[in-house]
Amino acid sequence: MDINQQLDRALEMVGMIGSGESLEVEKNFQSLPRIKANPEEIVQAFVNIIENAIQAMKGRGTLHLATEAGQGKVTVRFRDSGPGI
């Protein structure tokens with residue numbers, strides 16, 4: 001499966017693409033190798049993380065998503081402009 005595609009699916013599921021709200025998404029997706037994983041489980045994990053970020057930002061701010069590959073692994077980074085804990 002393609003991690004970048006699954007991130008886009010998760011964004012669509014939570015309404016972050018074309019939502020018209022005061023939330024922005026900045027994506028920095030690198031070209032990645034395909035991985036073996038259950039796409040539905042990966043998407044659900046991404047949806048949970050994105051929904052937590054939306055709650056932390058209280059409906060306005062920026063969600064930054066980045067992917068990269070190196071040293072035999074694929075990395076996904078999430079960062080939001082919420083206040084933190």
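- Side-chain N/O atoms of Gln30 and Asn28 include a donor and acceptor closer than 3.5 Å.
- The shortest distance between side-chain heavy atoms of Leu65 and Val25 falls below 4.5 Å.
- Leu11 places a side-chain heavy atom less than 4.5 Å from the side chain of Leu63.
- Counting heavy atoms from C-beta outward, Ile42 and Met1 have side chains that approach closer than 4.5 Å.
- Asp80 CG to Glu24 CD: the interatomic distance, rounded to the nearest 0.5 Å, is 13.5 Å.
- Contact between Gly61 and Ser81 at its shortest, heavy atoms only, is CA-OG, 3.2 Å.
- Taking every heavy atom of both residues into account, Glu68 and Leu32 meet most closely at C-CD2, 3.4 Å.
- Residue Phe29 is tested with Asn4, Ile3, Val76 for a side-chain contact (heavy atoms from CB on, under 4.5 Å); the sole match is Asn4.
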| request: Take Phe46 and Asp8 through the test side-chain contact (heavy atoms from CB on, under 4.5 Å) and record every step on the way to the result. | output: CA-CA 10 Å; Phe46 291 162; Asp8 280 333; over 6 Å; no
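- Considering every non-hydrogen atom in both Val43 and Met13, the closest pair reads CG1-SD, 3.3 Å.
- Between atom OG1 of residue Thr62 and atom CG of residue Leu23 there is a gap of 8.5 Å, rounded to the nearest 0.5 Å.
- Residues Arg9 and Glu40 meet the side-chain proximity criterion, which asks for heavy atoms closer than 4.5 Å.
- Note: Asn52 CG to Met57 CE = 10.5 Å, rounded to the nearest 0.5 Å.
- For the residue pair Asp2 and Gln6, no side-chain donor N or O sits within less than 3.5 Å of a side-chain acceptor on the partner.
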